[in-house]
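In what follows, a single structure is set out as structure tokens and then discussed.
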Number of protein chains: 2
Amino acid sequence: MESNLVPRDIMHRAARRFKMLSEPVRLEILSLLHERGEMSVQELVEETGQHQANISKHLRHLAGEKCVKRRKEGLFAYYSINDPTLSSICMLVCGRLRQEADAA
Amino acid sequence: MESNLVPRDIMHRAARRFKMLSEPVRLEILSLLHERGEMSVQELVEETGQHQANISKHLRHLAGEKCVKRRKEGLFAYYSINDPTLSSICMLVCGRLRQEADAA
DNA sequence: GAACAATATAACGATGTCGATATATTATGG
DNA sequence: CCATAATATATCGACATCGTTATATTGTTC
């Protein structure tokens with residue numbers, strides 16, 4: 001019950017950060033990157049079953065928001081999680097969801 | 001780098017939870033509720049400057065996702081935060097955003 | 001520099017969600 | 001039971017974003 005949970009001056013940025021986490025495919029991407037540390041676009045395409053263009057677009061969004069880091073090596077682009085708080089946030093939410101499910 | 005950051009069976013639910021946090025007006029509502037503990041629709045309308053219908057709709061979404069709790073008293077409906085993890089999550093993200101801003 | 005592979009971008013239709021306006025519901029008081 | 005106040009719901013147009021398909025870019029190899 002204190003002041004300024006989300007300060008006005010970063011409210012829109014915060015909303016955009018959360019929007020990154022509001023799509024199942026992006027959560028799957030982050031989940032995979034969390035497990036394996038670093039993956040190429042191809043690997044992500046194979047694991048998710050999504051089309052390459054779709055994965056590239058999601059990665060572009062994630063990278064634009066600094067959620068994810070890109071490393072180019074030859075023909076391949078390797079992505080990894082850049083924002084370490086994302087993992088904590090996901091675990092918090094998932095823990096809460098389990099809790100709600102148990103309570104019900 | 002471990003297993004199952006966001007387990008498949010709750011991935012869609014997690015995404016929906018994050019979607020609740022992905023709109024500035026909803027973040028403002030949660031921020032106000034965090035400060036004051038409990039507020040009527042009217043109060044939220046006044047503080048945010050949004051139209052009543054819009055606030056009611058956002059509250060409906062938030063309540064549907066169990067983010068927020070509703071208490072009816074006479075003509076008034078009082079809302080308060082129901083999911084305590086939301087505050088932690090918002091603070092994590094805002095801290096990170098500050099950090100990124102400082103680094104730049 | 002031509003052929004090929006990995007990734008990125010463009011364009012498109014379908015669907016979702018925003019805020020605004022209008023109307024319905026619910027509860028109180030006279 | 002009628003008027004009024006607080007809240008909820010319905011509908012609408014504008015705009016964003018999803019996944020798909022097609023194409024462009026980038027880098028490697030011969």
Side-chain angles (χ1 to χ4, degrees), chain A residues 6 8 11-33 36 38-80 82, chain B residues 6 8 11-33 36 38-80 82:
Chain A
V6 184
R8 286 199 159 275
M11 186 155 292
H12 280 75
R13 289 187 56 79
R16 270 195 299 161
R17 183 65 48 107
F18 283 125
K19 187 162 285 179
M20 288 302 113
L21 300 173
S22 72
E23 290 301 320
V25 174
R26 284 198 288 269
L27 284 183
E28 200 177 353
I29 289 174
L30 291 171
S31 203
L32 286 163
L33 294 181
R36 312 202 183 170
E38 197 183 49
M39 293 174 75
S40 70
V41 177
Q42 277 218 333
E43 288 176 294
L44 287 166
V45 167
E46 285 161 12
E47 289 295 326
T48 61
Q50 295 286 319
H51 289 180
Q52 179 264 322
N54 202 25
I55 293 297
S56 275
K57 201 200 298 189
H58 282 306
L59 287 170
R60 185 170 185 265
H61 290 160
L62 288 167
E65 274 295 313
K66 312 249 191 230
C67 295
V68 138
K69 196 168 35 183
R70 188 182 118 113
R71 180 174 71 85
K72 196 73 190 300
E73 184 175 325
L75 280 176
F76 296 82
Y78 293 97
Y79 287 87
S80 56
N82 184 52
Chain B
V6 183
R8 285 199 159 276
M11 185 154 292
H12 282 74
R13 287 187 56 79
R16 268 194 300 160
R17 183 64 50 106
F18 284 125
K19 186 162 285 180
M20 287 301 114
L21 301 173
S22 73
E23 291 301 322
V25 174
R26 284 197 288 270
L27 285 182
E28 199 177 352
I29 289 173
L30 291 171
S31 204
L32 285 163
L33 294 181
R36 311 204 184 167
E38 198 183 48
M39 293 175 75
S40 70
V41 177
Q42 276 217 336
E43 288 176 294
L44 287 166
V45 168
E46 287 161 12
E47 289 295 325
T48 61
Q50 295 287 320
H51 289 181
Q52 179 264 322
N54 201 25
I55 293 297
S56 276
K57 200 200 300 187
H58 282 307
L59 287 170
R60 186 171 185 263
H61 290 160
L62 287 167
E65 274 295 315
K66 312 245 191 234
C67 296
V68 138
K69 197 168 34 183
R70 188 181 118 114
R71 181 175 73 85
K72 196 72 191 297
E73 185 175 324
L75 279 176
F76 296 82
Y78 293 97
Y79 287 88
S80 56
N82 184 52

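Throughout, protein chains are lettered first and strands after them, A, B, ... in sequence-line order, and every chain is numbered starting at 1.
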[X] versus [Y]: any side-chain heavy-atom pair under 4.5 Å?
{"X": "A:Arg17", "Y": "A:Cys67", "result": "yes"}
{"X": "B:Lys19", "Y": "A:Glu23", "result": "yes"}
{"X": "A:Leu62", "Y": "A:Asn82", "result": "no"}
{"X": "A:Val6", "Y": "B:Leu30", "result": "no"}

Contacts of B:Glu47 that satisfy side chain to side chain donor-acceptor pair (under 3.5 Å) - sequence neighbours left out:
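Counting only residues at least two positions away or on another chain, B:Glu47 forms a side chain to side chain donor-acceptor pair (under 3.5 Å) with B:Arg36.
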Locate the shortest heavy-atom distance separating [X] from [Y]; write the atom from each residue and the value.
{"X": "B:Lys72", "Y": "B:Gly74", "value": "CE-O, 3.6 Å"}
{"X": "B:Leu59", "Y": "B:Ile29", "value": "CD2-CG2, 4.0 Å"}
{"X": "B:Phe18", "Y": "A:Leu21", "value": "CD1-O, 3.2 Å"}

B:Arg8/A:Glu28 salt bridge by N-O under 4.0 Å criterion
yes
Does this structure show an ion pair linking A:Glu65 with A:Arg13, if we count only N-O contacts that are shorter than 4.0 Å?
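No salt bridge links A:Glu65 with A:Arg13.
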Geometric class of the A:Tyr78/A:Phe76 ring pair [parallel <30°, tilted 30-60°, perpendicular >60°]:
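If you compare the ring of A:Phe76 with that of A:Tyr78, the planes turn out parallel.
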Are any of A:Tyr79's side-chain N or O atoms less than 4.0 Å away from OP1 or OP2 of C:dA6?
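For C:dA6, OP1/OP2 do not have a side-chain N/O of A:Tyr79 under 4.0 Å.
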Has A:Arg70 got a side-chain N or O lying under 4.0 Å from the OP1 or OP2 atom of C:dT7?
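Negative; the distance criterion is not met.
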On DNA chain D, which is the earliest and which the latest nucleotide, 5' to 3', with an atom closer than 4.0 Å to a heavy atom of chain B?
D:dA5 to D:dT9
Residues that B:Arg70 engages under salt bridge (charged side-chain N to carboxylate O under 4.0 Å, His left out), provided they are two or more places apart
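In terms of salt bridge (charged side-chain N to carboxylate O under 4.0 Å, His left out), with neighbours along the sequence ignored, B:Arg70 is linked to no residue.
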Sub-4.0 Å heavy-atom contacts from residues 46-62 of chain B onto DNA chain D, ordered by number
B:Gln52, B:Ala53, B:Ser56, B:Arg60
Contact list please: residues 15-27 of chain B against DNA chain D, heavy atoms, distance less than 4.0 Å, in numerical order.
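Heavy-atom cutoff 4.0 Å gives no residues at all.
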B:Arg60 atom CZ: more than 12 heavy-atom contacts under 6.0 Å
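Result for CZ/B:Arg60: open.
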Close N or O pairs between protein and nucleotides 24-30 of chain C (under 3.5 Å):
none

Would you kindly give the CZ-to-P distance between A:Phe76 and C:dC4, to the nearest whole Å?
17 Å
